[in-house]
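Heads up: the structure comes next, in structure tokens.
Below, each value reflects all heavy atoms present in this structure, side chains not excepted, and no hydrogens, waters or symmetry copies. Numbers restart at 1 for each chain; the letters A, B, ... are given by sequence-line order, proteins then strands.
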Amino acid sequence: MRIATWNINGLTARQSFLEHWLAARSPDLVGIQEIKTADDKFPHMAFAAAGYQAVTHGQKGWNGVAVLSRERVEIVQRGLPGHEESARFLHVRAGELDFITVYCPNGKTLQHEDFPRKLEWYDALADHLARTVDPSKPAVLCGDMNVCPAPLDSWNDALFAGQIFHTDAERSRFRRLLEIGFVDAFRSLHTDARTFSWWDYRAGAFHKGQGLRIDFLLATPTVMKRVRSVEIDRDYRKKKDALVPSDHAPVLADLE
DNA sequence: ATGACGCCTTCCAGGCGA
């Protein structure tokens with residue numbers, strides 16, 4: 001079984017690119033973020049033709065998450081309770097697996113009012129997961145977390161020390177997800193790899209290796225036992241047949 | 001030093017992303 005997460009930066013702009021990737025990688029279960037599309041505008045037919053059922057928690061213009069699955073899934077929860085004003089949370093059940101995808105708030109800067117809101121959102125997420133996820137059972141929490149959990153996850157941790165994505169406040173929120181019982185699958189298999197999942201579109205950041213690792217597949221121990229590989233699909237951060245890529249790369253894991 | 005690219009929108013300049 002192949003699972004994945006990907007911030008696609010706009011479904012309308014990325015649909016062909018996403019379909020290209022689905023055909024090339026054949027994932028079974030995918031969390032996508034930033035679809036920026038309302039539920040009633042989601043192109044279900046196109047994904048059904050590619051063999052995927054889509055479950056969406058969409059929003060016009062901003063945010064929006066969805067799950068694409070080859071096998072039938074059922075909705076457990078759409079929207080983070082108490083924070084339904086932005087579409088950032090979707091929990092589905094795929095057989096025995098609880099699969100949750102999130103698009104965490106960005107926060108902008110430490111001075112911006114969005115920063116304390118980001119921390120509050122994280123606290124609400126952790127509270128909700130602690131109540132609703134049994135860490136002894138198979139579960140995956142994936143998505144764009146908008147945090148570099150450790151210096152190794154940033155192209156220049158010294159330059160950005162104490163700035164957005166690099167603060168102790170954000171890192172402690174990320175750690176709380178691990179304390180609930182989730183394991184960072186990529187880091188677990190690649191202890192020392194300085195591998196990123198996002199690169200700014202501007203100034204040739206991708207080619208200069210100036211990226212961040214902010215997209216994660218977090219899995220409970222029963223899932224981790226089945227993990228055979230975890231990779232960041234940086235080939236899909238490149239232009240593909242003249243199609244423009246997202247600024248994020250997909251993260252993929254193969255489970256036994 | 002600044003902006004840099006690409007997304008979106010009651011529509012095309014301006015906000016936002018990370």
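With P as the reference atom, B:dG3 and B:dG14 are 14 Å apart, rounded to whole Å. Comparing B:dG15 with B:dT10, their C1' atoms sit 16 Å apart, to the nearest whole Å.
Among residues two or more places apart in sequence or in another chain, the salt bridge (Lys or Arg N to Asp or Glu O under 4.0 Å) test is passed with A:Arg175 by none. With sequence neighbours left out, A:Gln53 forms a side chain to side chain contact (heavy atoms under 4.5 Å, CB included) with A:Val55, A:Arg72, A:Val73. Under the side chain to side chain contact (heavy atoms under 4.5 Å, CB included) criterion, A:Ala124 pairs with A:Leu80, A:His83, not counting sequence neighbours. Not counting sequence neighbours, the partners of A:Arg228 by the side chain to side chain contact (heavy atoms under 4.5 Å, CB included) test are A:Glu256.
When hydrophobic clusters are built by joining Ile, Leu, Val, Met, Phe, Trp and Tyr residues whose side-chain heavy atoms come closer than 4.5 Å, directly or via intermediates, A:Val102 is not grouped with A:Leu97.
One can place NZ of A:Lys239 at 10 Å from C1' of B:dC5, the figure rounded to the nearest angstrom. Distance CD (A:Gln15) to C1' (B:dG6): 18 Å, rounded to an integer number of Å. A:His248 places its NE2 atom 17 Å from the P atom of B:dC16, with the value rounded to the nearest Å. The CG-C1' distance, from A:Asp114 to B:dC16, rounds to 10 Å in whole Å. Atom CZ in A:Phe165 sits roughly 9 Å away from atom P in B:dG17 (whole-Å rounding). Taking atom OH of residue A:Tyr201 and atom C1' of nucleotide B:dC16, one finds them 13 Å apart after rounding to whole Å. Residue A:Trp6 contributes atom CH2, which lies 13 Å from atom P of B:dC7 at whole-angstrom precision. Remark: C1' of B:dG17 and CZ of A:Phe206 are 18 Å apart, rounded to the nearest angstrom.
Using a 4.0 Å heavy-atom cutoff across all strands shown, A:Tyr103 reaches sugar-phosphate atoms only and no base atom. A:Asn7 comes within 4.0 angstrom of sugar-phosphate atoms only, judged by non-hydrogen atoms across all strands, and of no base. Nucleic acid contact class of A:His112 (heavy atoms, under 4.0 Å, all strands): none.
Each side chain to side chain donor-acceptor pair (under 3.5 Å) pair with one or both residues in residues 181-190 of chain A, not counting sequence neighbours, appears once here: A:Asp153-A:Arg187, A:Asp184-A:Arg213.
A residue-by-residue look at A:Val244 and A:Ile164 shows that A:Val244 has its nearest nucleotide of DNA chain B further toward the 5' end.
Taking the syn range as angles within 90° of 0, the glycosidic angle of B:dC11 is outside it, so the base is anti.
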For nucleotides 8-14 of chain B, 5' to 3', base contacts (B), sugar-phosphate-only contacts (S) and non-contacts (-) with protein non-hydrogen atoms under 4.0 Å give SSS----
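Applying the 4.0 Å criterion to OP1 and OP2 of B:dC16, one finds that A:Lys108 has every side-chain N and O outside that range.
We find that A:Asp168 and A:Arg171 are not joined by a salt bridge, their nearest charged nitrogen and carboxylate oxygen being 4.0 Å or further apart.
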